[in-house]
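Take a look at the structure below.
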Amino acid sequence: MGEIGDYVLLNPAEMAEADRLTAESGVSYARLMENAGTAVTEAILERYYQMPVLVLCGPGNNGGDGFVVARQLKEKGWPVHLVMHGDRAKLKREAAANADAWTGRIEAFNPDLVSDADMVIDALLGAGLDRDVDGELKTIIEAVNAARKTVVAVDVPSGVDGGTGAVRGAAIEATLTVTFFRKKPGHLLLPGREKAGEVIVADIGIREDVLGPIAGTLWENEPAHWQLPHADPAGHKYTRGHCVVVSGGPLQTGASRLAAEAALRSGAGLVSLAGHRDALMVHANHVTSIMLKEAPQWSALEQVLGQTKARSVVIGPAAGVGQATIENVSIIMQSGAAVVLDADALTSFADAPEELFRFIAFDPSRPVVMTPHTGEFARLFGEIEGSKVDVARIAAARSGAIVILKGSDTVIAAPDGRAFINSNAPAILGTAGSGDVLAGIVGGLLAQGMPGVQAAAAAVWIHGDAAQRFGMPGLISEDLPGILPEVLEGLV
Ligand SMILES: NC(=O)C1=CN([C@@H]2O[C@H](COP(=O)(O)OP(=O)(O)OC[C@H]3O[C@@H](n4cnc5c(N)ncnc54)[C@H](O)[C@@H]3O)[C@@H](O)[C@H]2O)[C@H](O)CC1
Ligand SMILES: [K+]
């Protein structure tokens, strides 16, 4: 496990600042570019035997890195062709110097060069991408993608915005991307993540201490960021916290039961399902260690929360959209318990999101975590401009809740601006009930007193790791709670 700072993600402006601070400390840009090219060459030599390679260089420093790679591979005896897009005479300083040091030809693009190569090095555009790709550049990118060669991208696949993961017009589909110093958000956010292939981070001599002044608040979600609650040897089920999960009606009990099972498996000392008697009778056919508490309406739920001393409450999974859920949310928000708002608990406020945000503001001392997918998110927050990280951060600030914006690139954002991009979730996790399990894991961790942001980030990672451990097609949500002990054992 690394340090938190290892997982910070730098957007292009922050990366430029890292370069500048490094240059100030006496490491030249020429040295950084040489090191960048060398890192790419080494990654290639570690993975591949010699083969015919086409290096594509663009008009900026990304192209400069390409000239370094071309020179080094040629020195190793590789057959290298090199194409430059843009005007050779306009290359600046270090890029121009490396173009001068290239002893081979600079060729004009022609699709046969792609067909004749077995590997393509993509050094067309990196952090300097500032507009959509079109014209010859787009033709080159499309020709490379159509040829299905091994493609090694320098820094980011050209056309992917390193800050947001957006594809600007067209983007290279890389097999391997070698980036420098730290990953960029665009390596983890879709669709950029799918274009990048394997991502490796190379040390090019940028000093670690430059991170201090940059002080990024966006990280890849990794266990280094959180500490699971210790099971105190002197503790008992009451000290490990009681999580109450609100049930749906008798024909909609599965979702809340999945959440309850996940909460218990995540280490909550006690878990209760609360709802109508009819629904509890259905649950009774399925659960053993989970308790059942009658709470046909908000006033009874208030009593249950008091009697159980609930430390966390999960509401939403098939809870029903409408007034009853709104009233339940209102009562839960005043109980002092940490709260997980999912699914129907979010949709119930589609017409009056400000009312929900007022409930959240009742008591800023207890965490509220909301777990929307994109549809639920839009119902509460409308259309927000920006990357998935921007959007989640704005929603967290506006609502006062910790927002888990779900997807294969789930983003966790806190009202104070801290955010995490999760990257360990396999595609098999997109299955019915998967979100209910996630809500339950968050509830289980909150019941044990874990701070809200950490509980949210840990739950998302644990959920992804459980699916990875299942590792086969055919995963159903019922499989997940049973895998949680294995995941948790790996973390303590
Ligand atoms: N970060 C580091 O420490 C180091 C980075 N290196 C490499 O440098 C690039 C970033 O270089 P920069 O010159 O800033 O940008 P680019 O090479 O990505 O491109 C700028 C160039 O491209 C033009 N341009 C932008 N968008 C388009 C477009 N859609 N179509 C056509 N042309 C476009 C723009 O006008 C400029 O002319 C970084 O990624 C690293 O690879 C260092 O070499 C090592 C140190
Ligand atoms: K590139």
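Start at 1 and go down the list; that is how both ligands and their atoms are numbered.
Scanning D132, D19, I206 for the heavy atom closest to atom 4 (C) of ligand 1 points to D19. Between atom 33 (C) of ligand 1 and the options K184, R131, E34, the minimum heavy-atom separation is to R131. Comparing L32, L137, N98, D87 against atom 31 (C) of ligand 1, the shortest heavy-atom distance belongs to L137.
Nearest non-hydrogen protein atom to atom 17 (O) of ligand 1 is N62 N, 2.9 Å. Ranking protein heavy atoms by distance to atom 18 (O) of ligand 1, first place goes to G126 N, 2.6 Å. Among protein heavy atoms, atom 39 (O) of ligand 1 sits closest to D155 OD2, 2.5 Å. Considering only non-hydrogen protein atoms, atom 8 (O) of ligand 1 sits nearest to N61 CB, 3.2 Å. Taking atom 21 (C) of ligand 1 as the reference point, the nearest protein heavy-atom neighbour is P59 CG, 3.9 Å. Of all protein heavy atoms, the one lying nearest to atom 7 (C) of ligand 1 is D65 OD2, 3.1 Å. In terms of protein heavy atoms, atom 25 (C) of ligand 1 is closest to D130 OD1, 3.1 Å.
Every residue two or more places apart in sequence or in another chain was checked for a side-chain hydrogen bond (donor to acceptor under 3.5 Å, both in side chains) with T175, and none qualifies. The side-chain contact (heavy atoms from CB on, under 4.5 Å) check on T41 picks up L45, V69, Q72, L73, with sequence neighbours excluded.
Closest of all the heavy-atom pairs between I404 and L438 is CG2-CD2, 4.2 Å.
Remark: atom 42 (C) of ligand 1 lies closer than 4.0 Å to at least one protein heavy atom.
Using modelled atom types and a 3.5 Å distance limit, the side chains of T38 and N35 yield no donor-acceptor pair. Defined by atom type and a distance below 3.5 Å, a donor-acceptor pair is present between the side-chain atoms of E220 and S423.
W102 places a side-chain N or O within 3.5 Å of a backbone atom of R105 that can act as its donor or acceptor partner. One N or O on the side chain of S399 and one on the backbone of A395 form a donor-acceptor pair closer than 3.5 Å.
A salt bridge does not link R358 with E354: none of the charged nitrogens is closer than 4.0 Å to a carboxylate oxygen.
Rounded to 10°, the angle that O of L125 and O of V156 form at the K ion (ligand 2) is 90°. Rounding to the nearest 10°, we obtain 80° for the angle at the K ion (ligand 2) between V154 O and N62 OD1.
In R469, the CZ atom is crowded: over 12 heavy atoms of neighbouring residues, nucleotides or ligands sit closer than 6.0 Å. In the displayed structure, D87 atom CG is contacted under 6.0 Å by more than 12 heavy atoms of other residues, nucleotides or ligands.
The name of the N, O or S atom in D122 nearest to the K ion (ligand 2) is O.
Aromatic ring orientation, F420 versus H225: perpendicular (interplanar angle above 60°, classes split at 30° and 60°).
In terms of polar-atom proximity, G128 is counted as a contact of ligand 1, with an N or O under 3.5 Å from an N or O of the ligand.
Taking every heavy atom of V133 and a limit of under 4.0 angstrom, the matching atoms of ligand 1 come to 29 (N).
Under a 4.0 Å heavy-atom criterion, R168 is not in contact with ligand 1.
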